[in-house]
Amino acid sequence: MSDDNRQASDFVRDIVAEDLRTNKWDGRVITRFPPEPNGYLHIGHAKSICLNFGIAEEFRDKAPGGAQCHLRYDDTNPTKEEQEYIDSIKADVRWLGFDWGEHEYYASEYFDQLYEWAVQLIQAGKAYVCDLDGDQVREHRGTLTQPGKDSPYRNRSVKENLDLFERMRAGEFPDGSRTLRARIDMASPNLNMRDPVMYRIMRAVHPHVGDKWCIYPTYDWTHGQSDSIERITHSICTLEFENHRPLYDWFCDALGIYHPQQIEFARLNLTYTVMSKRKLLELVKGGHVRGWDDPRMPTLCGLRRRGYSPEAIRNFCKVIGVNKYESTIDIALLEHCLREHLNRTSPRVMAVLRPLKVIIDNYPEGQTEMLEAINNPEDPSAGTRQVPFSRVLYIEQDDFREDPPRKFFRLAPGREVRLRYAYYITCTSVVKDEAGNVTELHCTYDPATRGGDSPDGRKVKVTLHWVAADQALPVEVRLYDNLFTVPDPDDVPPGMDYKNNLNLNSLEVVPQAWVEPSLKGAAPLSRYQFERLGYFCVDPDSTPEKTVFNRTVTLKDSWAKIEKSQSQLP
RNA sequence: UGGGCCGUGGUGCAAUUGGUAGCACGUCUGACUCUGGAUCAGAAGGUUCAAGGUUCGAGUCCUUGCGGCCCAGCCA
């Protein structure tokens, strides 16, 4: 059990608590998670989900006016959005362990209200139809250091604007030919205030509202008012929207409507991966991975398939905190949270990835016996199981060295080790092929050590995992490494991009590994620890004939560390 | 060179709001162990971006620098 289940505070929670204390929002706490359905959710979104839904949960009992978190799709750009994404987002939020109850909303369902509000702004002389095309709008916008120029259409009459806007909606004009723009200040140092576009003409079928519209509101014109409609109290978003806040404020004030408070926090960055939907989409479309749910992807569906648990991800989000400055978190911290949870919850099992045949010369031919094995030493209630033992076994190739280096404690000629839950064995001879590769080992076992303890108190340095050759199940195992070879994939010389840093060895398939028979029929997505190797998860690609395992993460391996440092010596 | 936001060990976060820098990950030791896992104990590692100033006292306040991120989509 983790020692501390409480959620530490942070500057966002501090604001919420303070607002509750001063009764700023009538005792209400309403947050929202507002994805655009244009891709799959990733671990960066998990940070936002945990923040928004977490706050609603934590303040449930403290907010007399009620606390809730909405799921709202910011679906304002039908050219990029799809039903597939809408569905996956719901599945992923639920899998993470959060529930929005009745509060599932779509910005596209506010389009009528938004249209009315646009008319209201036109009537107030605060919006106008502009005939400039994209290039011209850019030219008029000015630069970071120079003010923009007013559009020649900026001073059209209210009557003309109303007529034109109505006809935009009616489909009288071609795509991109006109826009509705807010009439603010072309000289503002904040470029977002230089008469931003509110509506564009775009003939596209919308995944949620179909072909009802040929004009679509921009995100800037939609987001703040959607929060307003839902009476959000704390509109929590990422840092890049800080510059947009004055615009959202302007819209709410100009409309005279309920005005939520926006709070910005830094998005999550992780080493050895990329975290933008654009790049993830490119990896998928470019065939660099097998799909959005490829176990190497930082998407929630990818992590799920890889074997991550929602608990691990939630705890990770708790541990990383929330702040206002960009930072990059070491992937090792995510893996730490993962192991921490999996260690407590995963049944142990034995599997051999690269088999080396071991023949126990003094064990009766044709005999099989069942030995008792503990399912989870961290959880006594998980009980025990029986594993078969016989004369011919497989052990891991890595667990034998004919000429053992210093600090290598495993099996070697003449050396005695323990087979987990079974017997002590001693290697008596080595069989090789013509090329000199070790093909099998002959050993003897000590019948007195049955179960794994020696009555004479004799100690061995190490315990090996094993499977009985004639009882083991053949399975496929997929081993994963980081998708990128460097901590910051975007750190590339000029002319190259992050794809140059793709790790070409991020997937290694072991077509035939062996697992103990208790794993027969293991359900997709079920998680195990393969003793001494790591945590593994049944891949949905599994068939009744062949189970496929994904390696979620290795166990911490101090021998690997020693070996690595030894190889680095001159 | 306009505006906005932000700088605390290698990394991520704390510091009772002015009281003498703490936690986690990682790294390195050691103990224990039927997973070289887990667990436990310990160590190394910070002139809190810098320089001034206010103060008995500054990571916290002031000034000036420096550095980083964001903004010139009819993307979100």
Side-chain angles (χ1 to χ4, degrees), chain A residues 8-10 34-36 38 74-77 79-81 130 132-134 137-139 141-148 175-181 187-194 196-202 215-216 218-220 222-223 237-246 264 266 271 277-278 319-337 339-340 343-344 348 350 373-374 377-378 407-410 418-422 424 449 451-454 459-465 487 529-534 554-562:
Chain A
S9 197
D10 52 62
E36 185 195 13
N38 67 342
D74 272 342
D75 50 354
T76 56
N77 186 354
T79 64
K80 293 187 176 173
E81 296 155 9
C130 181
L132 259 28
D133 66 25
V137 168
R138 191 182 329 119
E139 284 161 22
R141 186 154 30 225
T143 67
L144 294 177
T145 51
Q146 293 167 316
D175 283 13
S177 61
R178 283 177 225 259
T179 56
L180 183 75
R181 299 174 67 183
S188 171
N190 182 343
L191 305 216
N192 295 124
M193 303 299 272
R194 318 243 266 225
V197 170
M198 296 163 60
Y199 278 93
R200 61 288 218 207
I201 302 171
M202 185 191 277
I215 57 172
Y216 286 96
T218 57
Y219 173 86
D220 276 345
T222 307
H223 186 81
C237 63
T238 43
L239 253 25
E240 67 270 26
F241 293 106
E242 214 152 17
N243 294 327
H244 297 241
R245 176 153 37 89
E264 306 86 8
T271 56
K277 280 202 237 176
R278 197 209 97 222
V319 165
I320 60 176
V322 10
N323 248 318
K324 263 182 100 81
Y325 41 88
E326 290 282 350
S327 59
T328 301
I329 289 163
D330 193 335
I331 189 87
L333 182 56
L334 212 211
E335 294 182 342
H336 164 78
C337 293
R339 290 190 183 101
E340 199 264 330
N343 177 48
R344 280 157 30 210
R348 315 284 125 129
M350 289 197 284
I374 294 166
E378 305 295 319
K407 290 190 178 177
F408 181 90
F409 303 146
R410 284 112 94 144
R418 172 166 42 228
L419 294 181
R420 177 140 239 223
Y421 300 125
Y424 285 16
T449 59
D453 282 308
S454 176
K459 295 287 183 195
V460 288
K461 266 287 206 186
V462 79
T463 300
L464 305 185
H465 61 276
Q529 184 198 102
F530 289 180
E531 296 228 22
R532 300 210 307 136
L533 296 176
T554 60
L555 252 30
K556 284 203 268 178
D557 184 350
S558 55
W559 163 245
K561 209 175 279 179
I562 293 168

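Lettering follows sequence order; numbering is per chain, from 1. None of these values were measured; they are calculated from a predicted model.
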Problem set entry | B:G42 and B:A24, which share atom name P, separated by this distance in whole Å | 11 Å

Problem set entry | Nucleotide-resolved protein contact map, nucleotides 1-8 of chain B, B/S/- at heavy-atom distance under 4.0 Å | -BBSSSSB

Seminar exercise, completed: Applying side chain to side chain donor-acceptor pair (under 3.5 Å) to A:R194 and not counting sequence neighbours gives none

Exercise. What distance, rounded to whole Å, do you find between the two P atoms, one in B:G7 and one in B:U48?
Worked result: 15 Å

For this session: List for me each residue that meets side chain to side chain donor-acceptor pair (under 3.5 Å) alongside A:T328, sequence neighbours excluded, and say none if there are none.
Result: none

Problem set entry | Separation of the P atoms in B:C62 and B:A58, to the nearest angstrom | 15 Å

For this session: Check the chi torsion on B:U17 and let me know: syn if it falls within 90° of 0, anti if not.
Result: syn

For this session: Could you check which of B:A76, B:U35, B:G36 has an atom nearest any side-chain atom of A:W559?
Result: B:G36

Problem set entry | Between B:G22 and B:C28 - P atom distance, rounded Å | 24 Å

Exercise. So what is the 5' to 3' dot-bracket string for RNA chain B, if pairs are Watson-Crick or G-U wobble with both distances under 3.5 Å, crossing pairs use [ ] and | means the partner sits on another strand?
Worked result: .((((((..((((.....[..)))).(((((.......))))).....(((((..]....))))))))))).....

Problem set entry | Whole-Å C1' distance, B:C70 and B:U8 | 23 Å

Seminar exercise, completed: Nearest-nucleotide check on RNA chain B, A:V322 vs A:C130; residue mapping nearer the 5' end is A:V322

Problem set entry | B:C32 and B:U39, which share atom name C1', separated by this distance in whole Å | 8 Å

Problem set entry | Rounded distance in Å between the P positions of B:G26 and B:G12 | 15 Å

Seminar exercise, completed: Under a 4.0 Å heavy-atom criterion, the protein footprint on nucleotides 21-29 of chain B, written with B, S and -, is ----S-SS-

Exercise. When you match A:L132 and A:T328 each to their closest nucleotide on RNA chain B, which lands nearer the 5' end?
Worked result: A:T328

Exercise. Phosphate oxygens OP1/OP2 of B:A76: is one of them under 4.0 Å from a side-chain N or O of A:R200?
Worked result: yes

For this session: Go through the structure and list residues passing side chain to side chain donor-acceptor pair (under 3.5 Å) with A:E81, not counting sequence neighbours.
Result: none

Exercise. Quick one: OG1 on A:T76 to CZ on A:R200, what's the gap to the nearest 0.5 Å?
Worked result: 5.5 Å

